[in-house]
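Read through the structure below, which is laid out as structure tokens, and then see the notes.
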Amino acid sequence: MTNLEDDVSEIIRINKQRWEIEENFRIMKTEFEARPIYIRREDRIKAHFMTCYISLLLYRLLEKKLGNLYTADQILETLRSMQMTLLNTASGYVPSYTRTELTDALHKIFDFRTDHEFITKADMRTLIKNTKQIKSKQG
């Protein structure tokens, strides 16, 4: 913006939009590790861009569902840490992550729990099946 004669509220609005755009690029570059890329074919470049864009869109929707209470670092670190450990092929799964306010919020948003002490293989299959059904109804 080169015209400082404009209305102050308009200058602030434009500056806020610039900040949001810069934050989106920072998230894609650092958190999503979208760079560097070593592709040259146009179709692959477009596919890479589309993957990055959809990832950012999904992240922003999740951030909004969480009430904008958490940073990108907090959300992505928590999601990456939410691992389940298979005890043995006959038993089931146990959570191998620490329960936090953020994990509780994620459980509430997605309407299923993974932080119980033990999840049988049958319960895990049901959870995955229900998640797929929800996805197909929304799509």
Side-chain angles (χ1 to χ4, degrees):
M1 172 162 233
T2 57
N3 186 1
L4 297 179
E5 302 292 322
D6 284 348
D7 180 45
V8 173
S9 61
E10 182 68 11
I11 294 170
I12 291 171
R13 185 188 66 77
I14 291 170
N15 195 40
K16 184 175 188 266
Q17 288 176 335
R18 182 178 300 148
W19 175 82
E20 290 170 347
I21 291 168
E22 289 172 3
E23 183 188 37
N24 286 332
F25 279 110
R26 183 195 61 78
I27 289 170
M28 279 197 292
K29 288 192 294 188
T30 58
E31 301 300 331
F32 295 167
E33 300 173 9
R35 293 183 61 204
I37 57 170
Y38 302 102
I39 52 178
R40 293 197 173 141
R41 286 182 26 195
E42 185 176 342
D43 60 333
R44 291 184 180 175
I45 292 169
K46 287 179 180 178
H48 178 76
F49 173 79
M50 185 59 71
T51 302
C52 292
Y53 181 78
I54 290 171
S55 298
L56 183 62
L57 176 63
L58 290 173
Y59 165 75
R60 288 297 188 191
L61 291 171
L62 176 59
E63 184 180 53
K64 187 174 183 170
K65 283 261 194 197
L66 289 167
N68 296 312
L69 298 174
Y70 303 96
T71 66
D73 294 336
Q74 291 170 317
I75 294 170
L76 295 170
E77 184 179 320
T78 297
L79 289 171
R80 288 177 183 132
S81 73
M82 291 179 76
Q83 302 291 316
M84 301 295 289
T85 301
L86 179 62
L87 293 178
N88 65 45
T89 55
S91 293
Y93 299 85
V94 292
S96 49
Y97 62 90
T98 303
R99 184 177 169 200
T100 65
E101 287 182 22
L102 179 50
T103 61
D104 287 350
L106 290 166
H107 287 128
K108 185 176 180 182
I109 287 169
F110 292 106
D111 197 28
F112 65 84
R113 311 273 327 172
T114 60
D115 59 345
H116 300 317
E117 290 186 23
F118 183 80
I119 299 175
T120 65
K121 288 181 91 173
D123 288 343
M124 184 62 84
R125 281 192 297 273
T126 302
L127 179 69
I128 293 168
K129 178 183 167 193
N130 291 343
T131 303
K132 288 180 180 178
Q133 288 175 350
I134 290 169
K135 249 194 301 190
S136 66
K137 287 179 186 176
Q138 292 174 350

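Any value given below was found using the heavy atoms of this structure, including those in side chains, with hydrogens, waters and symmetry copies removed.
Under a cut-off of 6.0 angstrom, the local environment of CZ in R40 is sparse, with at most 12 non-hydrogen atoms contributed by other residues, nucleotides or ligands. Counting heavy-atom neighbours within 6.0 Å of D111 CG, excluding the residue itself, gives a total of 12 or less. For E20, the CD atom is densely surrounded, since the number of other residues' heavy atoms within 6.0 Å is greater than 12. Atom CZ of R26 is surrounded by more than 12 heavy atoms from other residues, nucleotides or ligands within 6.0 Å.
Counting heavy atoms from C-beta outward, Q17 and R13 have side chains that approach closer than 4.5 Å. Two residues are said to be in side-chain contact when any heavy atoms from C-beta on lie closer than 4.5 Å; L106 and M82 meet this criterion. Here the side chains of L62 and F110 are in contact, with some heavy-atom distance below 4.5 Å. Counting heavy atoms from C-beta outward, L102 and L66 have side chains that approach closer than 4.5 Å. Annotation: side chain of V94 is not in contact with side chain of L86 (no heavy-atom distance under 4.5 Å). By the 4.5 Å heavy-atom criterion applied to side chains, T98 and T103 are not counted as neighbours.
Shown here for I119 and M124, the closest heavy-atom pair between the two residues is CG2-N, 3.8 Å.
In this structure, CG on L57 lies 13.0 Å from SG on C52, to the nearest 0.5 angstrom. Here CZ of R44 is found 12.5 Å from OG1 of T51. Values are rounded to the nearest 0.5 Å. With rounding to the nearest 0.5 angstrom, the CD1 atom of I75 is 13.5 Å from the NZ atom of K65. The distance from the CG atom of N68 to the CZ atom of R60 is 8.5 Å, given to the nearest 0.5 Å. If you take CG on L87 and OG1 on T120, they are separated by 11.5 Å, rounding to the nearest 0.5 Å. Here the CE atom belonging to M84 is positioned 8.5 Å from the CG atom belonging to L127, to the nearest 0.5 angstrom.
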Practice problem: Any chance you could lay out the salt bridge (Lys or Arg N to Asp or Glu O under 4.0 Å) test for K108 and E101, step after step, and finish with the verdict? | Solution: CA-CA 11 Å; K108 185 176 180 182; E101 287 182 22; over 6 Å; no
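Transitive grouping of hydrophobic side chains (ILVMFWY, heavy atoms separated by less than 4.5 Å) brings I27 and I21 into a common cluster. A continuous path of ILVMFWY side-chain contacts below 4.5 Å connects F25 to L76, so both sit in one hydrophobic cluster. The cluster map of Ile, Leu, Val, Met, Phe, Trp and Tyr, joined by side-chain heavy atoms under 4.5 Å apart, puts Y59 and I109 in the same cluster.
A donor-acceptor pair under 3.5 Å is absent between the side-chain atoms of Y70 and the main chain of E63, judged by distance alone. A donor-acceptor pair under 3.5 Å is absent between the side-chain atoms of S81 and the main chain of Y97, judged by distance alone. Side-chain N or O atoms of Q74 include one that pairs as donor or acceptor with a backbone N or O of T71 at under 3.5 Å.
E42 has a carboxylate O that lies under 4.0 Å from a charged side-chain N of K46, or vice versa, which qualifies the two as a salt bridge. With salt bridges taken as basic N to acidic carboxylate O contacts below 4.0 Å, none links D123 and R113.
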